[in-house]
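Data block below; observations after.
All residue numbers in this chain count up from 1 along the given sequence.
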Amino acid sequence: MPEQGPRMNGFSLGELCWLFCCPPCPSRIAAKLAFLPPEPTYTVRETEGPAGQAEEQPSGEPAAPLPPPCSLHLTERADWQYSQRELDAVEVFRWRTERGSCLGCMFVRCAPGCRYTLLFSHGNAVDLGQMCSFYIGLGSRINCNVFSYDYSGYGVSSGKPSEKNLYADIEAAWHALRTRYAVSPENIILYGQSIGTVPTVDLASRYECAAVILHSPLMSGLRVAFPDTRKTYCFDAFPSIDKISKVSSPVLIIHGTEDEVIDFSHGLAMYERCPRAVEPLWVEGAGHNDIELYAQYLERLKQFISHELPNS
C-alpha cells in the first residue's frame, strides 16, 4: 500500500521548535506535520431508489432514514486488482459527522456469514479507492468483512483534516457501522494503521469492542519529531500513549523493527503500556510500508482472530 505515515521531514530544527514551543494550537501542528491527503482516486454518485431505514431508537421514536447507497467509480490510480463481481460487493455511501464533515464510507463484504467486521482506519497519503483492493484481499484471507471511511478532506470526504476531525470521523464511522449494518460492538475489531492508530486508540479508550489491532502505531506527534521526548505536553498532537491504558479490549500490536517513519520504539512502548495486550508481532527487518508482504503478518492476524477471540 502506498502509505507514507506522518510527515516529519522538510522542517528545520528551528521551525520544529517554533511549531512545538510556540504553537498556535495542537490542531495546526497536526495539520502541518501529519496529513497528506492524495488526489482522490474515486468518485461516488447517489443511486436511484429509497434510502434505508435505521432501527427504532431506544426512546421508541422512529430513526431518521439512512443515507442512500452510492455507486463507486474508480480511477486508474486506484489500481483495482479484481473483477466487476468483486466491485459489486463493495457498498459506498456518505455519512455526516458531528463536526459537519460528510464522509465517504465503504463496506466490503469479503466473507458472508463471518462473525467479525474490521473497522479499518487507513494510513496517510491514501484513500478508499486505493485501499479497496487491499480490503478485499485481507478480509477474504482472515474471514472478516471490512468497513472503512476516508478522513475529513480525504477522498470524497468534505471538510479539512485535523486532529479533532479525526476523532469525530471515527466516531461517525462507528455509528454508521452499528446503525446501517446492525453490527454489535462485540463483533467489531478496530484496526488502525499508522496515523489511523490515532483515532483507533481514541475510540477504543471510550468504547469496548471485540478487539483492537494497531499496525505501526505512534505514541504522539511530538515523540515522532523528537524521539527523546519523555512526557506529553499540552500542545502535543495525537497523544495515544496516554490513552492506550484506558483500552479494555484485547490489543494486538504490529510493528516493523526497521520502521523509518515511526520508530519501532513506539510500538514497543504502546505494547508495554497496554493493559490487555496479546502477544505482539514484531516483524524483523520490515519498514513502515511493507509489513503486509511478510508471511507472518497474515499468519498472526489469522491466529488472533480465529483462535484467540471467540468465534461461536
#### Entry: Atom CZ of R206: over 12 foreign heavy atoms under 6.0 Å
yes
### Task
Kindly compute the distance separating OH (Y167) from OG1 (T200), expressed to the nearest 0.5 Å.
11.0 Å
#### Entry: Crowding at CD, E186 (>12 non-hydrogen neighbours, <6.0 Å)
yes
### Query
Given side chains that start at C-beta, do those of N145 and F107 come closer than 4.5 Å, heavy atoms only?
yes
### Query
Which pair of non-hydrogen atoms, one from Y151 and one from P199, has the smallest distance, and what is that distance?
CE2-CG, 4.4 Å
### Query
Just by distance, do the side chain of H266 and the backbone of M219 share a donor-acceptor pair under 3.5 Å?
yes
### Message
Return the CG to CD1 distance between L298 and I142, rounded to the nearest 0.5 Å.
### Response
7.5 Å
### Task
For V156 and Y42, run side-chain contact (heavy atoms from CB on, under 4.5 Å): C-alpha distance rounded to whole Å, both residues' side-chain angles, the deciding distance at 0.1 Å, then the answer.
CA-CA 8 Å; V156 301; Y42 70 103; 3.4 Å; yes
### Query
Can any side-chain N or O of D127 pair as donor or acceptor with the backbone N or O of D150 at less than 3.5 Å?
no
### Query
Do the rings of W282 and Y271 sit parallel, tilted or perpendicular, given the 30° and 60° boundaries?
perpendicular
### Message
Given 3.5 Å as the limit, does a donor-acceptor pair link the side chain of S306 with the main chain of Q303, or not?
### Response
no
### Query
Where does the angle between the aromatic ring planes of Y181 and F93 fall among parallel (under 30°), tilted (30 to 60°) and perpendicular (over 60°)?
tilted
## Note on the structure
Note: C110 and C144 closest approach over all heavy atoms is CB-O, 3.3 Å
### Message
So does S152 get a backbone contact from the side chain of D169, meaning a donor-acceptor N/O pair under 3.5 Å?
### Response
yes
### Task
Report, as yes or no, whether the 6.0 Å neighbourhood of atom CD on Q84 holds more than 12 heavy atoms from other residues, nucleotides or ligands.
yes
#### Entry: Interatomic spacing from NZ in K243 to CG in D202 - rounded to 0.5 Å
3.5 Å
### Query
Under 30°, 30 to 60°, or over 60°: which ring-plane class applies to H122 and Y154, parallel, tilted or perpendicular?
tilted
### Query
Yes or no on side-chain contact (heavy atoms from CB on, under 4.5 Å) for D263 and R223, after CA distance, side-chain angles and deciding distance?
CA-CA 10 Å; D263 191 78; R223 288 172 173 86; over 6 Å; no
Report, one line per pair, each donor and acceptor closer than 3.5 Å where one atom sits in a side chain of residues 131-139; sequence neighbours left out.
from, atom 1, to, atom 2, distance (Å)
S133, OG, Q81, N, 3.1
Y135, OH, S148, OG, 2.7

### Message
I need the minimum non-hydrogen distance between K160 and N165, along with the two atoms involved.
### Response
O-ND2, 2.7 Å
### Query
Considering residues, nucleotides and ligands other than E260, do more than 12 of their heavy atoms fall under 6.0 Å from its CD?
yes
### Task
List the steps and the verdict of side-chain contact (heavy atoms from CB on, under 4.5 Å) for M106 and V90.
CA-CA 7 Å; M106 175 179 287; V90 178; 3.6 Å; yes
### Query
Taking the side chain as C-beta and beyond, is there a heavy-atom pair between L87 and L74 under 4.5 Å?
yes
Exercise answer: donor-acceptor pairs, residues 245-253 side-chain atoms, under 3.5 Å, sequence neighbours excluded:
from, atom 1, to, atom 2, distance (Å)
S249, OG, C209, N, 3.0
S249, OG, C209, O, 3.0

### Task
Would you indicate whether the side-chain heavy atoms of I213 and F304 approach each other to under 4.5 Å?
yes
### Task
Say whether, by atom type as modelled, one donor and one acceptor occur between the side chain of R180 and the main chain of P67 under 3.5 angstrom.
yes
### Given F147, F120, Y116, the one that forms ring-ring contact (aromatic ring centres under 6.0 Å, His included) with Y191
F120
### Query
Are C70 and R45 close enough that some pair of their side-chain heavy atoms sits under 4.5 Å apart?
no
### Query
Given side chains that start at C-beta, do those of E292 and Q193 come closer than 4.5 Å, heavy atoms only?
yes
### Query
Does a side chain donor of either E171 or Y207 reach within less than 3.5 Å of an acceptor in the other side chain?
yes
### Task
Run the numbers on I241 and M270 for side-chain contact (heavy atoms from CB on, under 4.5 Å), then give the verdict.
CA-CA 6 Å; I241 191 64; M270 293 286 280; 3.9 Å; yes
### Check: T97 side chain, R99 main-chain N or O, donor-acceptor pair, under 3.5 Å
yes
### Query
Hey, is the main chain of G123 close enough, under 3.5 Å, to the side chain of H215 for a donor-acceptor pair?
no
#### Entry: I188, L118, N187 screened by side-chain contact (heavy atoms from CB on, under 4.5 Å) with L177, the one that passes
I188
### Task
Taking the six-membered ring for Trp and the full ring for Phe, Tyr or His, determine whether the centres of Y149 and W95 are under 6.0 Å apart.
no
### Query
Heavy-atom distance under 4.5 Å between the side chains of E163 and P239, does that happen here?
yes
### Task
Answer whether the closest heavy-atom distance between the side chains of V92 and L128 falls below 4.5 Å.
no
### Query
Going by an N to O cut-off under 4.0 Å, is there a salt bridge joining R300 and E308?
yes
### Message
I need the L72 CG to E91 CD distance, nearest 0.5 Å.
### Response
11.0 Å
### Message
Donor-acceptor check, side chain of E86 to backbone of S83, threshold 3.5 angstrom: yes or no?
### Response
yes
### Message
Nearest 0.5 angstrom please: E272 CD to S265 OG, how far?
### Response
10.0 Å
### Message
Any donor-acceptor pair under 3.5 Å linking the side-chain atoms of D290 with those of Y297?
### Response
no
### Task
Over all heavy atoms of both residues, which pair between S194 and I262 is shortest? Give the atoms and the distance, please.
OG-CD1, 3.7 Å
### Query
Ignoring hydrogens and geometry, is there a side-chain-to-backbone donor-acceptor pair from N124 to I195 under 3.5 Å?
no
### Query
Donor-acceptor pair, T257 side chain versus G285 backbone, under 3.5 Å?
yes
### Message
Using every non-hydrogen atom in the two residues, find where G155 and P40 come nearest and quote the distance to one decimal.
### Response
O-CG, 3.5 Å
### Residue pair H288 / S216: nearest heavy atoms and the distance that separates them
CE1-CB, 3.8 Å
## Note on the structure
Rounding to 0.5 Å, atoms CG (N143) and NZ (K302) come to a distance of 10.5 Å
### Query
Taking side chain as C-beta onward, heavy atoms only, is P185 less than 4.5 Å from E208?
no
